[in-house]
Amino acid sequence: MSILKARRVASNTHIHTLALITSRLYIQTCRFKSTSKSTSKSASTMKVLCVAEKPSIAKAVAGHLSGGQVQAHNTPEKFIKNYVFDYDFGRPWGNCQVTMTSVLGHITSAVFPPQYKKWDYPPPEHLFDAPVQIITSEDKKKVAENIEKQARFANALCIWTDCDREGEHIGFEICEAAKKGNRTLDIKRARFSNIERAHILNASRNLISLDHKQVNAVASRIELDLRIGYAFTRFLTTNLRTLGGPFEKLILSYGSCQFPTLGFVVDRYFRVRNFKPEQFWSIKVMHKREGINVNFGWARNRLFDRASVVVLYERCLTAKKAKVTKVQEKPTKKLKPLPLTTVEMQKMATIFLRMTGQQAMEAAESLYNKGFISYPRTETDRFDSGMNLRALVQKQTTSQSWGDFAQNLVNGGFQQPREGRHDDKAHPPIHPITYVAPSALNENEKKVYEFVVRRFLACCSEDAKGVSTDVDILYGEESFHAHGVVVLERNYLEVYIYDKWTGTVQLPKFVVGEQFEPEEALMTEGKTSPPNYLTEADLIALMDANGIGTDATMAEHIQKIQERDYVRTVPRTARSDDDEEVVENAPATRGGRGGRGRGGRGGATRSTGRGGGVKEFIPTQLGVALIEGFDRMNFETSLGKPFLRKEMELKMKAICEGRSTKEIVLNESIEQYRHVYVQSQQKLAVLKAACREYVFQNSG
DNA sequence: GCAAGGTC
């Protein structure tokens, strides 16, 4: 049997070479007879199996390559279709019979053998060097079988997964599945960063090889996350269970993403709790002209020494008259937003759409699956120059709400979007694909769709324009400043209702050199207030900045630490920034009528996201105990801080760039974490003490 | 019962 197989393999290779020669000839004849496409299908025609990372890409690529001449076949997996068509890849494959299909993300998973199933024995530290098996995930069996079966009919395999590290690894998983069906495949990879027709055709003519460095980087990540996550989760859960109470039933999970996420929440919690308010004093000058109250702010802003402010304030009053030292009027603008990334969409949704990041992602995925918006997981904030954005704008002209705005863009108002600095080389920014009536969507979908469209239209329009006026005065020896803006053209603001250009105060006319007696000069007093607890938008921003999780998983990690009861959310109670009130009215003599009558609360709402039903994250006593417990163990690298994850990220990068290897990284990291594990065992008493202190004593 | 990463 095996001999037969080997023979078949050998003869297949011959056919393969022959196919190359004949197909090249075929192309040349074809050039002269362009009408007779795909008529002569000899047995020697190359058969290529193409596999994308997800069904939508398979469909789109098949559409482009086939030019519409395509047959779609169902497979046992309901989400996946096999598309069959002819296509000329150019050299070396030439004209081919193509089957294009896809997987659904990763098809394998890393697992420990069954003998490691129990939590207490073998002890968790054995998981650091237990064998790790790569198996086909139970829910991906049908997907893998489809690849294996189709590979039997093919001479070549072309990988069309996303152009990122995970995509490279998924490509490798596809190769392995395909090789089970056919060990002689010629394997190539297409590199593409969007599914625009010309770009896809170009990718198909410039096939490259799989990058095994990237594959190895991801393989390392997978193995480390498994070993470390399982080991520490079992360690925490079983060891702290002996404390009784709530610990008896809890799962105390550790993960390289969930713990740093918890760490951010706890860190902010302590900064709020340990905050010591400080008293400060300031001076404000007000003058009324042309019916407008002009507030001049102090150039020194505020001082933390009352006596000094009193002296300076007195000097102002003594001077009586203020002198205008500078008047500057200049054009200003408010920039339109950047093209939309996943992280930005989640942040905006938590602030303006009253949703969690998770809900926003669910709605966006649903909109994507129905074909209304583009792929919702992207880090890219610049559109590829080849994209026909005008056509996308045109599709929105039917809307009742923003149709007129879109029409104006079509009629000449269109401007190319700004270009951010991020490009994941896999997906374009999130944008609407087609118009959909709000009545066809559920509440969350409606909100997310509207946001995506308004954001997109804003990107394709013009910055808001205005004129800013700055007036500086000298009052005694102190400088004060007034700033005003007049919005002249709202432009993108018309459609992008989430942005406000506030502070739109028109200043009256002032002339350099003129003198006037201010109507009021006030000495104010206040105290600094603690920072706010984190909102979900803050948390996402922190994770993003520290490389914790990916655009697709951040919301899940946030969800996870709530499920574990490490953190909870509470509605933010309205509060102002630093409390400040007027202590003395002018012209008042010192110690006179300490006029507290005027409500001088400084700028109540700093920006977006304040009050208004925004939720903030507060750690539970359990969450504090875990982070604090690890902190008190005083390791060189605390598990609750983002450093370890960052380090893993750097090591993955080193593998990708050939500066390290999978073996080196795995060895190093496993030893590093084993060390932390041993230390944790030795100092278990410290962790337990923290748990007793916070969970049992502070409860209530 | 446990991770993080894809995708549906």
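Keep in mind the model is a prediction, meaning the values are calculated, not measured. Side-chain atoms are counted along with the backbone in the values below, which use heavy atoms only and exclude waters and symmetry mates. In what follows, chains carry the letters A, B, and so on, assigned in the order in which the sequence lines appear, proteins first and then strands, with residues in each chain numbered from 1.
- For A:R377, a side-chain nitrogen or oxygen approaches OP1 or OP2 of B:dT7 to under 4.0 Å.
- By the stacking rule of 5.5 Å between ring centres and under 30° between planes, A:W119 stacks on the base of B:dC2.
- A:F232 comes within contact range of no nucleotide atom at all, as no heavy-atom separation falls under 4.0 Å.
- Distances from the side chain of A:R241 to the nucleotides B:dC8, B:dC2, B:dG1 place B:dG1 closest.
- Distance, A:Y368 OH to B:dC8 C1': 10 Å, rounded to whole Å.
- Between the NE2 atom of A:H106 and the C1' atom of B:dA3 there is a distance of 13 Å, rounded to whole Å.
- Distances shown here put a side-chain N or O of A:T553 below 4.0 Å from the OP1 or OP2 atom of B:dG5.
- At the heavy-atom level, A:Q258 lies under 4.0 Å from the strands shown only through sugar-phosphate atoms.
- With rounding to whole Å, A:M554 atom CE is found 13 Å from B:dA4 atom C1'.
- A:H557 comes within contact range of the sugar-phosphate backbone alone, with a heavy-atom separation under 4.0 Å but no base atom that close.
- The interatomic distance linking A:F259 (CZ) with B:dC2 (C1') rounds to 13 Å, in whole Å.
- A distance-only check finds no donor-acceptor pair linking the side chain of A:Y673 to the backbone of A:E668 [under 3.5 Å].
- Residue contacts shown for A:G549 are limited to sugar-phosphate atoms, with no base heavy atom under 4.0 Å away.
- For A:D162, whose side chain is taken as the heavy atoms from C-beta onward, the closest listed nucleotide among B:dC2, B:dG5, B:dT7 is B:dT7.
- At the heavy-atom level, A:R165 lies nowhere under 4.0 Å from the strands shown.
- Considering CD of A:E379 and CG of A:D544, their distance stands at 8.0 Å, rounded to 0.5 Å.
- Nucleic acid contact class of A:I251 (heavy atoms, under 4.0 Å, all strands): sugar-phosphate only.
- In this structure, the nucleotide among B:dG5, B:dT7, B:dC2 sitting nearest to the side chain of A:T550 is B:dG5.
- Under the 6.0 Å cut-off for aromatic ring centres, A:H199 and A:F192 do not qualify, their centroids lying 6.0 Å or more apart.
- With rounding to whole Å, A:R227 atom CZ is found 13 Å from B:dA3 atom C1'.
- What separates CD of A:Q358 from C1' of B:dT7 is a distance of 14 Å, to the nearest Å.
- The aromatic ring centres of A:H73 and A:Y83 sit 6.0 Å or more apart.
- Across B:dT7, B:dG5, B:dA4, the shortest atom-to-atom separation from the side chain of A:E53 is found for B:dT7.
- Of the residues listed (A:Y230, A:F630, A:F128, A:Y254), the one engaging A:Y677 in a ring pair (Phe, Tyr, Trp, His ring centres under 6.0 Å) is A:F128, and it is the only one.
- Checked against B:dC8, B:dA3, B:dG5, the side chain of A:L226 finds its nearest nucleotide in B:dA3.
- Among the heavy atoms of the strands lying under 4.0 Å from A:A110 is at least one base atom, whether or not backbone atoms are also near.
- A:R377 and A:D164 are not joined by a salt bridge, as no carboxylate oxygen comes within less than 4.0 angstrom of a charged side-chain nitrogen.
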Please assess A:F79 against A:K54 for the test side chain to side chain contact (heavy atoms under 4.5 Å, CB included), listing each intermediate value before the final yes or no.
CA-CA 9 Å; A:F79 295 111; A:K54 44 188 161 272; over 6 Å; no

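- Ranked by how close their nearest DNA chain B nucleotide is to the 5' end, A:I222 and A:F79 are led by A:I222.
- Contacts of A:R221 with the nucleic acid, taken as non-hydrogen atoms under 4.0 Å apart, include base atoms.
- In this entry the distance linking CG of A:L252 with C1' of B:dC2 reads 11 Å, nearest Å.
- In this structure, A:I134 atom CD1 and B:dA4 atom C1' are separated by 13 Å, rounded to whole Å.
- Closest-nucleotide positions on DNA chain B for A:Y116 and A:E556 were compared, and the one nearer the 5' end corresponds to A:Y116.
- Taking side-chain N and O atoms only, A:R645 has no distance below 4.0 Å to OP1 or OP2 of B:dA3.
- Among the atoms of the strands shown, base atoms are found under 4.0 Å from some heavy atom of A:T237.
- Looking at heavy-atom distances under 4.0 Å, A:P55 makes contact with sugar-phosphate atoms alone, never a base.
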